Structure formats: structure tokens, C-alpha cells
Protein chains: 2
Amino acid sequence: MEGTDKKCNDTRERLIQAAGEVFAQRGFKGATVREISRCANANIAAVNYHFGDKEELYYEVLKNSLSSVMKKYPPDLGVTPESTPEERLHAFIRSLLFRVLDESRPTWHARLMAREIAEPTAALDQLIENILGPLYGYLTVVVKQLISDEANDELVHNCIFSIMGQCLFYHNSRHVISKLYHKKFGPEVIERLSTHIMRFSIGAIRDLGILDTKSAKV
Amino acid sequence: MEGTDKKCNDTRERLIQAAGEVFAQRGFKGATVREISRCANANIAAVNYHFGDKEELYYEVLKNSLSSVMKKYPPDLGVTPESTPEERLHAFIRSLLFRVLDESRPTWHARLMAREIAEPTAALDQLIENILGPLYGYLTVVVKQLISDEANDELVHNCIFSIMGQCLFYHNSRHVISKLYHKKFGPEVIERLSTHIMRFSIGAIRDLGILDTKSAKV
DNA sequence: GCATGATTAAAACATTTGTTTGAAACAGTC
DNA sequence: GACTGTTTCAAACAAATGTTTTAATCATGC
């Protein structure tokens, strides 16, 4: 009836869920195993028994979170290999926005990842290898198609950073946005945002692509 | 010879400097008054004597940091009221990038502010009122001039978010960028980045402005 | 020189926190 | 039902941390 289905008695699983919430809310240092245990209806010793120590639990939570969130919103959600680069970019942006903004489901995945990106622990390498690397790679291919296949690397990198930056901003600065503009991010707002970022970026890339091919010709 | 000039013996001042470094590096929770005191060559009791408690010291550090960094890189650095909107936007972006990326000077200001933005304490309101509010306001004016004075508010907001997002990305994701692309942000790289973001945004805004005025005509 | 107030110093205090311990409860097997 | 390995529990431990205390030191005005 509330999150955990069918009275799942597996303490280990409950600990991971609870730890996700608490780590996301308070950070690794701020989270206490006592609070985690209490939220999971488990004994204080449960964390050490099942995971060895707090840090190992954190890794487990992060790993768990990653696969789950990428499964729900894959970068090519709703497009096929036959789609145009524009459609693929739009899909990428849309997925990314939903991944980091959707508050209608266990919300700690995005916050946890943002935390790890902003202030990495030793787990960042794993995060890059499994998630961020492929993600940036995918976007690179799409952007290269949009500009031209011989576009110089620096321009391509700058463009994918511009796109990623626009999307992630709404998560990183959400408290400021909410205080300054009283904006909330429901699904329909996210849709409009994704359209905006897509148009903004396509327009920009077209311009820069023209500049680039011109300078390449010189 | 090293940061503090003329053997400034004021313990209070040394504490603020040291606390800035430590808070930026470890976060509020992770920073210990013992480490701060040690870095400041002060006694453990000094923090409580001079500031009451750890939290009050944090507020003081934040306040101090804000005024200092905005003084060094004001948003209209190098432009006059007669400059074109394009020039003003470029100056804004350049300043913002230097503000968050310049590692050649006491570097904790930006990290401290990023921390507060990503996970606010009670001090965020003050930060918004004194710094972020005016900053966003200034950018809004510039962007409005670029699109058209009757541009609809949502479009303008989305555009300033797109610009802020592109800039802040390089700070928030610096560890990922560094691991994926082995990029370091020296002054000349920052200059090139600011030019890229300026072009990217101007191109995009032009396009969207045309769309906007067309739809406004309908 | 000394009295006064501000500052510093070292030690101690009270909590909090991650972890360990040892016994109890449980589950499955023969 | 006794044995075995696993899981849970309450209590305790050791280290760390913010804060307080009490005395010493310093600076300044008389």
C-alpha cells in the first residue's frame, strides 16, 4: 500500500530503499545509520550485518539507483534508429529532464546522482563508466550528425556541454528557481521545457555548424 | 607572501578564511571546528568565542564570500551602458564563467555558493536577495533586449535558464568533465568557452525571437 | 605597577556516530 | 527434538565532535 509491495520482509532490500531516501536528503556524511535503520524498521546492527559498513551500503544504493532510473527513462525513449537527429535529440533531452525532475516517483535517484556528480566519492568512477560515459557518447553521436560528421571535436564537446547544462540546471538550481519564480515541475511543464531546450539547441547548433564548416573550408 | 598580507594577527579573520576553505571542501556537516581551528592556527575554543557556534561562522563565511566574489567579477565587467545587448551578454557570460571556474585565486567562493544552491541551508534566502535575484534580473533585461521588449515572459525565463545552465554546468560537472575529457580550465580555455556560449545563445535566441514575434502576431 | 576587559589556551563534558558483541529468535535438516 | 547456520536484537564501545569551563595571557588606560 505504501512503496513496498506485498509485505516484502527482506531487511536488506528495505535498508537499500530507506538508505536511498536518507542519503539523498542528508548526504553521505549527514545520513546516520540510526536514521536509516529506523526508516527501514530494522535494528541498528542491520547495516553492518548486511553490508559490512555504511560506505558499502552507499555503493550498493548508488548501483541500485543507477540501473533503475536508466531503465525507466532510456536516452532513446520513443525513437527508432530511423528517426531524424532532431527527433533523437528531442528524445534525449526529454528523457534527461524527466530523469532529473520527475517528482512523482521515488525521487532520490536524481538527487543522489547529482550529489555524486557535484562532490564525488570513490564511486564516481563506476558512475562514469556505467552511466555517464555512455550517455555522453550517445549525445555526441547525435550532435555530430546535427552539425556534420567532420565537425571539429572541440565544437562538438562544447555543444553537448551546452545541452547537458541546460537540462541539469533545472535540477541543480531547482530551489533557486522555485524561490525566484514559484515554478513547479509537473509533467506538462517538463514537456514544454524539453521543447524549449530542443529548439534552443537546434537553432544554435545550426548556426555554429554553418560557421564551423565555413572555417573548415578556409 | 602567502594569501594573508602583513602578518594579520586577527584571529577572527583567519578563522573566516580557513573556514571558507574547509566548508567548501567538506561541506557544512563534514567540516569540523577542529580542522578549521588548526588551519587558522587558532585554539579549538576560538570558533565559539568569536562566532558563538559553528553555524554562525558558516553564515559569516558565506556573507563574506559573496561580496568579495561579486566585487571581483561584476556582471557588467568591461561593458558600458552604450554597449550592444550582444556585448553585454558576452560580458555577463564571461564574468559568470570566471566567477565559477577561476582556480587561480582562493577558490572556495564558487564551491561554497554552488553547495548552498544545490542544497540550501537557511542562508539561501539571503543569497537570493543579495546576489542571485539581482543577477537573474540583470540577465533578464539583457535577454529581453535581444529578443524583443514584448517577448512573453515564459520564453524569456527559459532563455535565461538556458544561459545560466550552460555556464554553471562547467562548475557543477567539473569532475565528470575532467575524468571524461581531461580538460582543465585555464584562463584561455574560459575565454573560448565564453565565446562559445555567447554564440550558441545568441544564435538560439535569434531563432526563438523570430518564432515568438511570429506567434505573437497571430 | 596595576586593575580591567578582551583574548587565548588546555582540559573536560555531553552527545552523537559507526561499529562490535554476545545472546536470543528463527529456519531448515537430519 | 536436537543441531546448524542465519538473522535479529539490545546493549555496550570507542572514537569524534560541538561546546563549555576555568585559568592564563595580553593589551590598555590610569
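So that the names make sense, note that chain A is the first sequence line, chain B the second, and so on, each numbered from 1. None of the values given here were measured: they were computed from a predicted structure.
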Asker: Roughly, in whole Å, what's the span from OH in Tyr49(A) to P in dT8(D)?
Answerer: 7 Å
Asker: Which whole-number value in Å describes the distance from Glu35(B) CD to dG18(D) C1'?
Answerer: 15 Å
Asker: Whole-Å distance between dT19(D) P and Phe51(B) CZ?
Answerer: 13 Å
Asker: Report yes if at least one side-chain N or O of Thr11(A) is closer than 4.0 Å to OP1 or OP2 of dT8(D); otherwise report no.
Answerer: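 Thr11(A) to dT8(D) OP1/OP2: side-chain N or O found under 4.0 Å.
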Asker: If I take atom NZ in residue Lys29(A) and atom P in nucleotide dA15(D), what distance separates them, rounded to the nearest angstrom?
Answerer: 16 Å
Asker: Round to a whole Å and report the spacing from CG of Asn43(A) to C1' of dC9(D).
Answerer: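 These atoms are roughly 5 Å apart.
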Asker: Here's a test for you: under salt bridge (charged side-chain N to carboxylate O under 4.0 Å, His left out), which of Arg26(B), Arg115(B), Lys29(B), Arg174(B) qualifies with Glu119(A)?
Answerer: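 It is Arg115(B); the other options fail the test.
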Asker: Are Glu154(A) and Arg192(B) within salt-bridge range, i.e. N to O under 4.0 Å?
Answerer: yes
Asker: For Phe23(A) together with Tyr58(A), are the ring centres under 6.0 Å from each other?
Answerer: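 Yes, the ring centres sit under 6.0 Å apart.
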Asker: Among the nucleotides dG18(C), dT20(D), dA9(C), which one has an atom lying closest to any side-chain atom of Asn48(B)?
Answerer: dT20(D)
Asker: Does His50(B) put a side-chain nitrogen or oxygen below 4.0 Å from OP1 or OP2 of dT8(C)?
Answerer: yes
Asker: Between Ile44(A) (CD1) and dA14(D) (C1'), how many Å, whole number?
Answerer: 15 Å
Asker: Rounded to whole angstrom units, what separation is found between the NZ atom of Lys54(A) and the P atom of dT17(C)?
Answerer: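 Checked: the NZ to P distance equals 9 Å.
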Asker: Base, sugar-phosphate or nothing for Ala46(A)? Non-hydrogen atoms, less than 4.0 Å.
Answerer: nothing
Asker: Assign each of Asp53(B) and Ala45(A) to its nearest nucleotide of DNA chain D by heavy atoms, then name whichever residue's nucleotide is nearer the 5' end.
Answerer: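 In this pair, the answer is Ala45(A).
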Asker: Among dG18(C), dG18(D), dT8(D), find the nucleotide with the atom closest to the side chain of Arg34(A).
Answerer: dG18(C)
Asker: Taking atom P of dT16(C) as reference, at what distance in whole Å does atom CZ of Arg26(A) sit?
Answerer: 14 Å
Asker: Measure up the Phe92(B) and Tyr138(B) rings against each other and bin them: parallel (under 30°), tilted (30 to 60°), perpendicular (over 60°).
Answerer: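 The arrangement is parallel - the two ring planes meet at less than 30°.
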Asker: Is the shortest distance from a Lys or Arg side-chain nitrogen in Asp76(B) or Arg88(B) to a carboxylate oxygen in the other one below 4.0 Å?
Answerer: no
